[in-house]
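Below you'll find the structure, written out as structure tokens, and then a few comments.
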2 protein chains.
Amino acid sequence: MLSNKTKYALKALQVLAKEYGQGPVLISEIARRENIPAKFLELILLELKNQGILQSKKGKGGGYFLARPPQSVSVGQVVRVMEGPLAPLPCVSRTSYMRCRECRDERSCGIRLVMKDVRDATAKILDSTTLADVLKRVEAVVAGREGLHYSI
Amino acid sequence: MLSNKTKYALKALQVLAKEYGQGPVLISEIARRENIPAKFLELILLELKNQGILQSKKGKGGGYFLARPPQSVSVGQVVRVMEGPLAPLPCVSRTSYMRCRECRDERSCGIRLVMKDVRDATAKILDSTTLADVLKRVEAVVAGREGLHYSI
DNA sequence: CTATAAGTCTAGTAAGTCAATAGGGTAAAT
DNA sequence: ATTTACCCTATTGACTTACTAGACTTATAG
């Protein structure tokens, strides 16, 4: 399960992707739009900034904005920054491998083989999906809904 | 990330799958073979028993054994029992759906669409892999290694 | 029938994580 | 100079994790 923190981060980035190129967005504005506790969101956005995903501007007219265009920020990057490795077990993580303390022979560990498949499947999805893709999918759903509405 | 508890459960079940049909196996024997703290393993096996995955026999000659054959226990079942839902977010879980408190419109939540894909991919792997499959894959690896060994 | 082997069950606990909240500090625009 | 808004540190309460301790119950062998 993803933590609330990660979920909030993704929702905030979704907003900032939508507003990309239109100047900074206030923390309070993002908090309001997504129903996120403002002070908590502050910490999250700061962390995303320190990780190079966001930039900010202080003072009046300030706020946060994406450091790179939405099509070059993947969901996988964000999840890794907030949550740590995607892998279900440290011994199948590519980005931060660690052997299991109790494991006698890693190469013949059946659990590991299965969890490696899970890791690969997860990474394939999250690393190939960008914030731009997320927006596109949302638009498609909304458009579909409106189409349905007219046809009734 | 799976907890140690879940990892230990899977390793213990792997042992019990290998010994299936040959009578009960001692907690201490499993603990020794897999390097798991015996008292902790005790709690885990008890829980697996209460969930109907294991059976036990008390007294001398007792121990734990699988309640059903290895090919009808899936890794997904075990992970759900020990860890809870496979879904990265409660709003995409099939077995224990819950809406996100802060979400204004679930149907057009982009994060949700992506995480649903992750859930489906994970479930597809874990629910279609049984303990018997795990053993088979381990055997394949070991056989491959021996083949390689002779060819040197 | 009783010793002993083995699982059952209840507590407890130290350490860590989560989900915030509080309350100033600092930079930048007007 | 003042206001706006991000920056940073600390704390808190609830919960989870990973165990450990110890008494209890049941079953089998002799």
Side-chain angles (χ1 to χ4, degrees), chain A residues 1-12 16 23-32 34-67 79 81-85 88-90 100-102, chain B residues 1-12 15-16 23-32 34-67 79 81-85 88-90 98 100-102:
Chain A
M1 278 286 186
L2 297 180
S3 62
N4 270 354
K5 200 171 158 188
T6 302
K7 187 174 63 176
Y8 292 162
L10 289 168
K11 292 205 164 184
L16 292 173
V25 183
L26 296 182
I27 295 178
S28 56
E29 161 76 5
I30 302 173
R32 194 187 52 71
E34 297 294 330
N35 264 326
I36 301 171
K39 270 299 205 177
F40 193 24
L41 182 58
E42 210 176 290
L43 294 182
I44 295 166
L45 296 180
L46 192 57
E47 193 172 340
L48 290 171
K49 186 200 166 185
N50 291 334
Q51 297 290 337
I53 293 175
L54 293 181
Q55 289 182 5
S56 66
K57 203 183 157 193
K58 283 187 178 183
K60 197 164 194 174
Y64 277 97
F65 51 97
L66 286 183
V79 172
V81 162
M82 302 306 294
E83 198 81 5
L89 293 177
C100 291
R101 202 174 77 298
E102 82 287 351
Chain B
M1 279 285 186
L2 297 179
S3 63
N4 270 354
K5 199 171 159 188
T6 303
K7 188 174 62 176
Y8 292 161
L10 289 168
K11 292 204 164 187
V15 170
L16 292 172
V25 183
L26 296 183
I27 297 178
S28 56
E29 161 77 4
I30 302 173
R32 194 186 52 71
E34 297 295 329
N35 264 327
I36 301 171
K39 268 303 205 177
F40 192 24
L41 182 58
E42 207 177 291
L43 296 181
I44 295 166
L45 296 180
L46 192 57
E47 193 173 342
L48 289 170
K49 186 201 167 183
N50 291 334
Q51 297 291 336
I53 293 175
L54 293 181
Q55 288 183 6
S56 66
K57 203 184 158 195
K58 285 188 177 182
K60 197 163 194 175
Y64 278 97
F65 50 98
L66 287 183
V79 172
V81 162
M82 302 305 295
E83 199 81 4
L89 292 177
M98 255 188 68
C100 292
R101 202 175 76 299
E102 81 288 352

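Chain A is the first sequence line, chain B the second, and so forth, proteins listed ahead of strands; every chain is numbered from 1. Fair warning: this is a prediction, and the values are worked out from it, not measured in the lab.
- In terms of phosphate contacts, A:Y8 brings no side-chain nitrogen or oxygen within less than 4.0 Å of OP1 or OP2 of C:dC18.
- In this structure, the CG atom of B:L41 is 10 Å from the P atom of C:dG7, given to the nearest Å.
- Rounding to whole angstrom units, CE of residue B:M1 and C1' of C:dC18 are separated by 17 Å.
- Rounded to whole Å, the distance from CD on A:E83 to P on C:dT17 is 12 Å.
- Nearest heavy-atom pair, B:I27 versus B:L41, reported as atom, atom and distance to 0.1 Å: O-CD2, 3.7 Å.
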Under 3.5 Å, side-chain donor or acceptor atoms of residues 52-63 of chain A against the rest of the protein: list the pairs with distances, not counting sequence neighbours.
from: A:S56; atom 1: OG; to: A:K49; atom 2: NZ; distance (Å): 3.4

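- Following rounding to the nearest Å, A:Q55 (CD) and D:dC7 (P) show an atom-to-atom distance of 11 Å.
- No N or O donor and acceptor, one from the side chain of B:E42 and one from the base of D:dC19, sit under 3.5 Å apart.
- The ring-ring contact (aromatic ring centres under 6.0 Å, His included) check on B:Y8 picks up B:F40, with sequence neighbours excluded.
- In this entry the distance linking CD of B:E47 with P of C:dT10 reads 13 Å, nearest Å.
- For the pair B:E102 (side chain) and A:E34 (backbone), a donor-acceptor distance under 3.5 Å is absent.
- Summarising the geometry, atom CD belonging to B:E47 is positioned 13.5 Å from atom CD belonging to B:E42; distances are rounded to the nearest 0.5 Å.
- Proximity of B:L2 to B:K7: side-chain heavy atoms (C-beta onward) are nowhere separated by under 4.5 Å.
- The residue among A:K39 and A:T6 whose nearest nucleotide of DNA chain C is located toward the 5' end is A:T6.
- Pairing each heavy atom of B:L48 with each of B:M82, the nearest pair is CD2-SD, 3.8 Å.
- Considering only side-chain N and O atoms, A:N4 lies under 4.0 angstrom from the phosphate OP1 or OP2 of C:dA20.
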Nucleotides 24-30 of chain D: which of its N/O atoms have a protein N/O under 3.5 Å away?
from: D:dT26; atom 1: O4'; to: B:K58; atom 2: NZ; distance (Å): 3.4

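- Taking atom NZ on A:K49 and atom P on D:dC8, their separation rounds to 7 Å, with Å as the unit.
- C:dA28 atom P lies 14 Å from atom OH of A:Y64, rounded to whole Å.
- Nearer the 5' end of DNA chain D, as judged by each residue's closest nucleotide, is the contact made by A:G63, out of A:G63 and B:L43.
- Distances shorter than 4.0 Å separate none of the side-chain N or O atoms of B:S56 from OP1 or OP2 on C:dA6.
- Distance CG (A:L16) to P (D:dC6): 11 Å, rounded to an integer number of Å.
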